Each structure stands twice: as structure tokens, then as C-alpha cells.
Amino acid sequence: MDLTRYVDELQHQLATAAAAGGDEARELADRMTAPLDAAVRLVLLDALSTAANEITADLAPGSVDVRLRGRDPEFVVTPAPASAFEAAEPAAAEPARATALDPDDVSTSRTTLRLPDQLKSQAEAAAAREGVSVNTWLVRAVAAALVPAAPSRAAARNSSTAGRLTGWVR
């Protein structure tokens, strides 16, 4: 995603506003343009990261990450593993379970998680292998752990619901 268009537009708006203030204001706006380039890019990256985090909360256990290539950000969408969406039908004797994720809930919470150093290293390595942040990897792991397990093949064959797919789709 090329941010230059947005930075240029902001610089144009600044020049237009400064023109109303006369020559002195226009000169000040010209001097501020170069230093503002980096600051505007940082603010835009922060907004894009926040948006990606909100989208990730909706897609969990899938994710959306923002990565920088040079000066340009790019979005990396990682879908949830297929097994996370293959929820089993609850048994008749079992009470109905709430779904693991509410697709309408976009709120996030900060949680402190204390991991043994060895487990933390393994989580970091797993996240690096998948090309995602440790936070994204942990969100996916928790979400996948909360999805009921898919029935075994033998149980699916013997079940009256064989051939039916259950889960949720966006």
C-alpha cells in the first residue's frame, strides 16, 4: 500500500490552509512539509495497525498483520486453519455450548500471560515459522482451543449428520 498519495494530500491541504494566512504562513507550511512526511507516515501506520488488530479480533483464529516493505506497509491475511471451523454438532444429551467467538464483538483486552522461558521460546519460534506476531499466534491458539473438536471419521460415517458441514462463515 503506497502511503505517498495520502501524505501528498495532507501536504496539499496544509499548503491550501497556509495560503489563506499570507506569505509568512505559506513559507512556514513549506518548511514544515518535509519533517511532517515521516510523522504522517507513522500516524498512518499506527492507524493501519489498529485496524488490522480489530480485524484480527473478528477473524480469530485467522489474522491480519501489517508489515513494512521499505516505506510502504502491506497487509498479510492468514486464514484460520480449516479444522478450526469444523465444529462438531453438540450431542443431544449435551447442553448447547456457546460459540468460541462472537463475530460481532470487536473489543479486545490486554492480558498478562506468564510463560516458562522454554514455552515462550517455542511460541516465538512457531509464530516466526508462520510469519505472524507472537500475539497473533497466541490469539489463534486460544481461539482454536475453544472451538469444539471435529468428530472422528468413524463417528461422522455412523452419524445421521454425515456429509453435513457445520461452523461459521463470514
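All values reported here derive from a predicted model rather than from experimental measurement. Along the sequence shown, the residues carry numbers beginning at 1.
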Is there a path of hydrophobic side-chain contacts, each under 4.5 Å between heavy atoms, that joins [X] and [Y]?
X	Y	result
Trp137	Leu115	yes
Val134	Leu113	yes
Leu68	Ile55	yes
Val7	Leu42	no
Leu146	Val139	no

Val40 and Tyr6: CA distance, side-chain angles, deciding distance, side chain to side chain contact (heavy atoms under 4.5 Å, CB included) verdict:
CA-CA 9 Å; Val40 169; Tyr6 303 100; over 6 Å; no
Tell me, please, which residues at least two apart from Thr50 pass side chain to side chain contact (heavy atoms under 4.5 Å, CB included).
Asp46, Glu54
If only atom types and distance count, is the side chain of Thr56 paired as donor or acceptor with the main-chain N or O of Val64 below 3.5 Å?
yes
Mind listing the side-chain donor-acceptor pairs of residues 11-27 below 3.5 Å, one per line with the distance, residues two or more places apart or on another chain?
residue, atom, partner, partner atom, Å
Gln11, NE2, Thr33, O, 3.4
Gln13, NE2, Glu9, OE2, 2.6
Thr16, OG1, His12, O, 2.9
Asp23, OD1, Arg26, NH1, 3.0

Just how far is it from atom [atom1] of [X] to atom [atom2] of [Y], taken to the nearest 0.5 Å?
X	Y	atom1	atom2	value
Leu36	Arg31	CG	CZ	12.5 Å
Leu48	Glu74	CG	CD	12.0 Å
Asn53	Ser133	CG	OG	8.0 Å
Glu130	Asp65	CD	CG	10.5 Å

Shortest non-hydrogen separation from Thr136 to Ser63 and the atoms involved:
CG2-CB, 2.9 Å
Return the set of residues passing side-chain hydrogen bond (donor to acceptor under 3.5 Å, both in side chains) with Thr4 (not counting sequence neighbours), or none when no residue passes.
Asp2, Arg41
